[in-house]
Structures are given as structure tokens and as C-alpha cells.
Amino acid sequence: DAGVIQSPRHEVTEMGQEVTLRCKPISGHNSLFWYRQTMMRGLELLIYFNNNVPIDDSGMPEDRFSAKMPNASFSTLKIQPSEPRDSAVYFCASSRLRGAGGETQYFGPGTRLLVL
Amino acid sequence: QQQVKQSPQSLIVQKGGISIINCAYENTAFDYFPWYQQFPGKGPALLIAIRPDVSEKKEGRFTISFNKSAKQFSLHIMDSQPGDSATYFCAASRGYGGATNKLIFGTGTLLAVQP
């Protein structure tokens, strides 16, 4: 099992540019989560999907952030336009649905984003 | 009511000692309490988890103690080793109709085990 795959691993961009983060969940997992981690705010849930449908996006900071899951094996998190305060490590995680015994979330290695 | 409060923020323990991290919650609907371990440059990974129908769960040197009436749970690391140095997150979740697994994370504890 390859685990959750995220790309890119590192991203440096300038303020105002569009940033797209990508995630491939573990095959067979039905839930996908996007988190942001910073020293100041810790680990924050941004949005999660069940069966490719967004369930809760209350953690998305503002309209500059958007996430999509066009199919069961791919999701994107887009920031447009990016700002320096978006600098953080972004994690993608996946799990089975809870009703199927899937409480454990498996995290990817993260994308370290720096907005200059 | 959705928060999980974690303490301490950081912890220094001597090799061979016991590390204790505490968490408290308010929402009595939470029914799953995991602990995640995160090494620098890596994503968090599940360490151990407990449900409220038991008061303790042990896996190797790691033990969760759960106090339902006090709405508190804690992680104990026995015989702490330098390799245990990491950030530890407690979390809680409830089944939203049995179909979701949204985790509410604590703020994390940075553990340093000195040799």
C-alpha cells in the first residue's frame, strides 16, 4: 500500500499567485480530509469529503480557498490568490467511512507551502 | 463544546521515565478517542485509541486512561525512550449518522526524552 500521496512536497510562491495542492487517497477509502498545520493554530481541519461529496467546509478560511474531489482517487486544494499568511504545512488524510469500521485517518507526508 | 483541551504544551522527560499527557473534552457525544504521534517532517500517525466503554487500553509501553465522568483521558508512555520524542495529539470524534469520522484535535504536546 503506497499510503496517501501528496504533491508537491514543497512549494514556494509569490503573493498573489495561484497554488494547487494535490492528494491521492488510499485506495478503497471513502473519506478525504484536508488539514492545515501552523505553529500558531496547530492542526486545523479545512474540509472533508465523503464519497467525493464535500460534507463540511466550515474550516476553509475564506473564499480564496477551494477544494475539489472529482473522483475517488484524486483531490485538489487550491488557493487563489495566495497570501503570506497561507504559509503552512497542508496535510491530506483519508479513511474508510466510520460505519465500515474506519475511524483511523491516514495522513500523507504533507505539502510545505511558503508564500513570499 | 467541540473543543478538546490538551496539556501540557511541552514536556521534557528523562530516558526511562513516565510521560503523561492529558486531554479534556466537553461534548458527551464523543465516542472515539485516538492519540496521534507526529515526527518532524512527517504527517501524524495513529498511535493508540480508546472507546468510552473501557477505562484503560494498553499497547506496549503506551497506555490510555479514560475517565468518562470527568470527561478526561490521558496518554502514559512508560519507560520513555529518545525515539519517543515527537509531538502528540489527542483527538475525539463522534459518529454523525455513522458515516463520518471528523476528528477534533487537541493543540499538541511536544515531548522531548533526554538520554
Side-chain angles (χ1 to χ4, degrees), chain A residues 1-7 9-10 21 23-26 29-59 88-112, chain B residues 1-10 21 23 27 29-54 57 59 62 64 66 73 86-110:
Chain A
D1 195 338
V4 175
I5 299 173
Q6 292 187 245
S7 65
R9 293 294 310 277
H10 302 273
L21 311 181
C23 175
K24 177 178 170 56
I26 293 172
H29 283 187
N30 308 92
S31 297
L32 183 138
F33 308 81
W34 281 102
Y35 291 89
R36 178 173 67 177
Q37 186 174 38
T38 61
M39 289 294 292
M40 292 297 295
R41 300 178 67 88
L43 195 59
E44 302 174 274
L45 176 65
L46 301 178
I47 185 172
Y48 76 93
F49 298 81
N50 279 353
N51 294 321
N52 314 335
V53 176
I55 302 299
D56 183 351
D57 65 354
S58 60
V89 180
Y90 291 81
F91 288 103
C92 175
S94 71
S95 75
R96 299 186 190 279
L97 290 177
R98 207 174 197 261
E103 295 89 355
T104 302
Q105 291 187 18
Y106 296 84
F107 283 74
T111 294
R112 187 173 298 273
Chain B
Q1 202 178 30
Q2 282 288 83
Q3 285 186 327
V4 177
K5 297 182 179 180
Q6 182 171 348
S7 64
Q9 188 174 2
S10 62
I21 305 171
C23 282
N27 191 341
F30 287 145
D31 62 358
Y32 175 69
F33 302 89
W35 284 89
Y36 279 73
Q37 180 188 54
Q38 183 181 27
F39 293 105
K42 305 291 186 181
L46 178 68
L47 180 64
I48 186 173
I50 196 169
R51 295 191 181 278
D53 53 345
V54 296
K57 183 173 182 180
E59 291 183 3
F62 301 91
I64 299 179
F66 186 84
F73 58 110
T87 300
Y88 292 81
F89 294 93
C90 63
S93 77
R94 52 165 286 187
Y96 292 84
T100 67
N101 187 28
K102 178 179 176 178
L103 286 173
I104 309 299
F105 279 94
T107 50
T109 296
L110 180 61

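Here is the naming used below: chain letters follow the sequence lines, and residue numbers restart at 1 for every chain.
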Asks: Under 4.5 Å from any heavy atom of chain B, what part of A:R41 do you find: side chain, backbone, both or neither?
Replies: neither
Asks: Need one label for A:Y35: side chain, backbone, both or neither, based on atoms under 4.5 Å from any heavy atom in chain B.
Replies: side chain
Asks: Ignoring hydrogens, what is the shortest heavy-atom contact between A:Q37 and B:F89? Give both atom names and the distance.
Replies: NE2-CZ, 3.4 Å
Asks: Tell me if the CD atom of B:Q9 is crowded by more than 12 foreign heavy atoms within 6.0 Å.
Replies: no
Asks: Under 4.5 Å from any heavy atom of chain B, what part of A:D56 do you find: side chain, backbone, both or neither?
Replies: side chain
Asks: Relative to chain A, which segment of B:P34 carries a heavy atom at a distance below 4.5 Å: side chain, backbone, both, or neither?
Replies: neither
Asks: If you take all heavy atoms of B:K102 and A:S58, which pair is closest and at what distance?
Replies: NZ-OG, 4.4 Å
Asks: Answer yes or no: does atom CZ of A:F49 have more than 12 heavy-atom neighbours from other residues, nucleotides or ligands under 6.0 Å?
Replies: yes
Asks: Hey, does B:P44 have a side-chain heavy atom less than 4.5 Å from the side chain of A:F91?
Replies: yes
Asks: Decide side-chain contact (heavy atoms from CB on, under 4.5 Å) for B:L46 and A:F107; before the verdict, give the C-alpha distance in whole Å, the side-chain angles of both, and the deciding distance to 0.1 Å.
Replies: CA-CA 9 Å; B:L46 178 68; A:F107 283 74; over 6 Å; no
